Amino acid sequence: MDRRKFIRNTAGSGIALSAMPTILTGNSWRGANDRVNVAQIGIHGFGQHHIGQYQALENAEVVALCDVDANLFGGTIDKLFTQKGLRKPKTYQDLRELFEDKDIDAVSITIPNHWHTLAAIWAIQAGKHVSVEKPCCHTFFEGQKLVEIAGQHNVIVQDGAEQRSNPCGQSMAEYLHSGKMGEVYLAKGICYKRRDSIGTYPDGPMQEGEKFAFTVNSKNYEPAYTREYLSNLDYDLWQGPAPRQTFNRNRFHYNWHWNWLYGNGDMGNQGVHEMDIARWGLGVSLPTRITTSGAHVMFDDMQNTPNMLMAMFEFPNPEGAGEKKRMLQFEVRHWDHNPEGAKVDVDDDVNTYMTSSANTVGNLFYGSKGYMAKQVNNWQVFKGREREPGDSGAGIGNHFQDFVDAIRAGDQKLAKGDIREGFYSCALIHLANISYRLGRSLDFDPKSMKFVNDTEADAMLTKEYRAPYQLPM
């Protein structure tokens, strides 16, 4: 099947390629050696972390790699397969060809944000189980469409909200919802990461010997993206649904995060995790009002997403009583910053809570009986006016194992990262970014999933798609 025919068939008729390579019967998994065959789509950066995590599982094997940048295959296979004595995987440059492979049971998607939903939908329609990195959607509408199509097919679809698998996150939510901290009225997500300028570079290939790093003061140089390098790259496919542009090193690996065409800024990068925790802890879904302010400060470079952003969301009372609201505040900072969440007592060990030398990323919850400070692997409650340490929790899970277990059991709940919950958390990011880009507060109707009498804002819930990389309607 050629690529154009693939798009036409999958978009128009659901599962149009092949039967699933292995069979779910009731609650049991039957396949070759009882193993789930995983394909990794996107092998630069975090994709290599995913490969290692799946290879460490007893009942999974990474049997295929896919990346538009064929320059990455040799080094990745040598490092993560050959040197470890593991079987060499198949390689694909075009994900549509990978989806035709009947030996592949599941795909793990770690490509740029603007590809997440389209790749996930095509995989679902091809009968593959899907784990898609955060954010699961590049726009609000994409998230709606992904949830819709995931519900139409008998495959496991996991959102990349890894903290959903952590006992720490699960006990946090249980504690906050139990009433032990009183009325939880405010959550604050923080994403303070020191990120330097990405600089400015001309369009076109790099010269031999020219050096480039993702930030201007870094010495962690990327390979030179020369004309020869680009000859092994399908840059049209990399751009996919985005408008066609000339190659630029600063719109390629990683720095795409800071360009609206491909990324969603740091709120839609590192911040997705903390946004999900904040919303989960509050017990809310979609807001009724969004107010966002921010800027791209300090640096005159190619980043067009804000590196300082403050968003406030208002939610109706989840208990449905009275006029009380729940509030969620989210803040992004890309430079020097103070830690938050510590007890102000330099002689007390808890003063170091929520603090690290490199960044401060986490959540705070405020209730009528105290407040909670949460990091990835632990949380602590401080109660009363004296902020005395109270209850706490901890524990790290394995999102990758949960995905494989869910496939083997035929049970979506075991995947932990429910795609609908993933969409709700991503929706907050998109709504905040729309408020920022329009420069005003917005009223939103969670039932209709539209802004209130605001066609200008509604238009930004989706985007234009370049043929043939279009969402099925």
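Along the sequence shown, residues carry numbers from 1. The model shown is predicted, which means the values in this text are computed figures rather than measured ones.
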Under a 3.5 Å distance rule, please check whether [X] uses its side chain to pair with a backbone N or O of [Y] as donor and acceptor.
{"X": "His116", "Y": "Glu133", "result": "yes"}
{"X": "Ser131", "Y": "Ser108", "result": "no"}
{"X": "Trp256", "Y": "Asn113", "result": "no"}
{"X": "His129", "Y": "Val107", "result": "no"}
{"X": "Gln53", "Y": "His399", "result": "no"}
{"X": "Asp67", "Y": "Ile43", "result": "yes"}
{"X": "Gln170", "Y": "Arg164", "result": "yes"}
{"X": "Gln412", "Y": "Val157", "result": "yes"}
{"X": "Arg466", "Y": "Pro243", "result": "no"}
{"X": "Asn363", "Y": "Lys374", "result": "no"}

Residue pairs fulfilling ring-ring contact (aromatic ring centres under 6.0 Å, His included) with at least one residue in residues 262-307, sequence neighbours excluded: His114-Tyr262, Trp238-Tyr262, Phe299-Trp335

Could you pull out the closest heavy-atom pair between [X] and [Y], with the gap in Å?
{"X": "Gln270", "Y": "Lys134", "result": "N-NZ, 4.2 Å"}
{"X": "Gly143", "Y": "Cys137", "result": "N-CB, 3.4 Å"}
{"X": "Trp260", "Y": "Pro306", "result": "CZ2-CD, 3.6 Å"}
{"X": "Ala213", "Y": "Asn220", "result": "CB-O, 3.6 Å"}
{"X": "Gln245", "Y": "Tyr235", "result": "O-CE2, 3.4 Å"}
{"X": "Asp159", "Y": "Cys136", "result": "OD1-CB, 3.3 Å"}

Below 4.5 Å, heavy atoms only, C-beta onward: do [X] and [Y] meet side chain to side chain?
{"X": "Thr305", "Y": "Asn264", "value": "no"}
{"X": "Val272", "Y": "Ile429", "value": "yes"}
{"X": "Met267", "Y": "His430", "value": "no"}

Qualifying residues under side chain to side chain donor-acceptor pair (under 3.5 Å), relative to Arg440, sequence neighbours excluded: Asp454, Glu456

Atom NZ of Lys383: over 12 foreign heavy atoms under 6.0 Å: yes

Under the rule for salt bridge (charged side-chain N to carboxylate O under 4.0 Å, His left out), what residues qualify as partners of [X], not counting sequence neighbours?
{"X": "Glu142", "value": "Lys463"}
{"X": "Glu314", "value": "Lys325"}
{"X": "Glu148", "value": "Lys145"}
{"X": "Asp402", "value": "Lys416"}

Roughly how far, to the nearest 0.5 Å, is [atom2] of [Y] from [atom1] of [X]?
{"X": "Met372", "Y": "Leu364", "atom1": "CE", "atom2": "CG", "answer": "10.5 Å"}
{"X": "Ser392", "Y": "Gln380", "atom1": "OG", "atom2": "CD", "answer": "5.0 Å"}
{"X": "Asp301", "Y": "Ser197", "atom1": "CG", "atom2": "OG", "answer": "3.5 Å"}
{"X": "Leu461", "Y": "Lys450", "atom1": "CG", "atom2": "NZ", "answer": "6.0 Å"}
{"X": "Ser171", "Y": "Asp391", "atom1": "OG", "atom2": "CG", "answer": "10.5 Å"}
{"X": "Thr215", "Y": "Asn217", "atom1": "OG1", "atom2": "CG", "answer": "6.5 Å"}

N-O pairing of Asp266 and Arg195 below 4.0 Å: yes

Lys188 and Glu274 ion-paired at < 4.0 Å: no

Ring geometry between Tyr175 and Trp379 (parallel below 30°, tilted from 30 to 60°, perpendicular above 60°): tilted

Phe382 six-ring centre to Arg387 NZ/CZ under 6.0 Å and within 45° of normal: no

Side chain to side chain contact (heavy atoms under 4.5 Å, CB included) between Leu438 and Met460, intermediate numbers included: CA-CA 10 Å; Leu438 290 177; Met460 298 180 71; 3.7 Å; yes

Check against side chain to side chain contact (heavy atoms under 4.5 Å, CB included), Asn255 and Asn259: CA-CA 8 Å; Asn255 279 352; Asn259 190 295; over 6 Å; no

Going by the rule ring-ring contact (aromatic ring centres under 6.0 Å, His included), which residues pair with [X] if we only count those two or more places apart in sequence or in a different chain?
{"X": "Tyr185", "answer": "none"}
{"X": "His177", "answer": "none"}
{"X": "Phe444", "answer": "Phe140, Phe451"}
{"X": "His44", "answer": "His253"}

With Thr292 via side chain to side chain contact (heavy atoms under 4.5 Å, CB included) - residues at least two apart: Ile290, Leu309, Ala311, Ala432, Ser435, Tyr436

Contacts of Ala56 that satisfy side chain to side chain contact (heavy atoms under 4.5 Å, CB included) - sequence neighbours left out: none

Side chain to side chain contact (heavy atoms under 4.5 Å, CB included) between Val332 and His334, worked out: CA-CA 7 Å; Val332 169; His334 271 196; 4.0 Å; yes

Pair Phe46 + His50: ring centers closer than 6.0 Å: yes

Verdict with supporting geometry, Met298 and Met308, side chain to side chain contact (heavy atoms under 4.5 Å, CB included): CA-CA 10 Å; Met298 297 184 292; Met308 180 186 70; over 6 Å; no

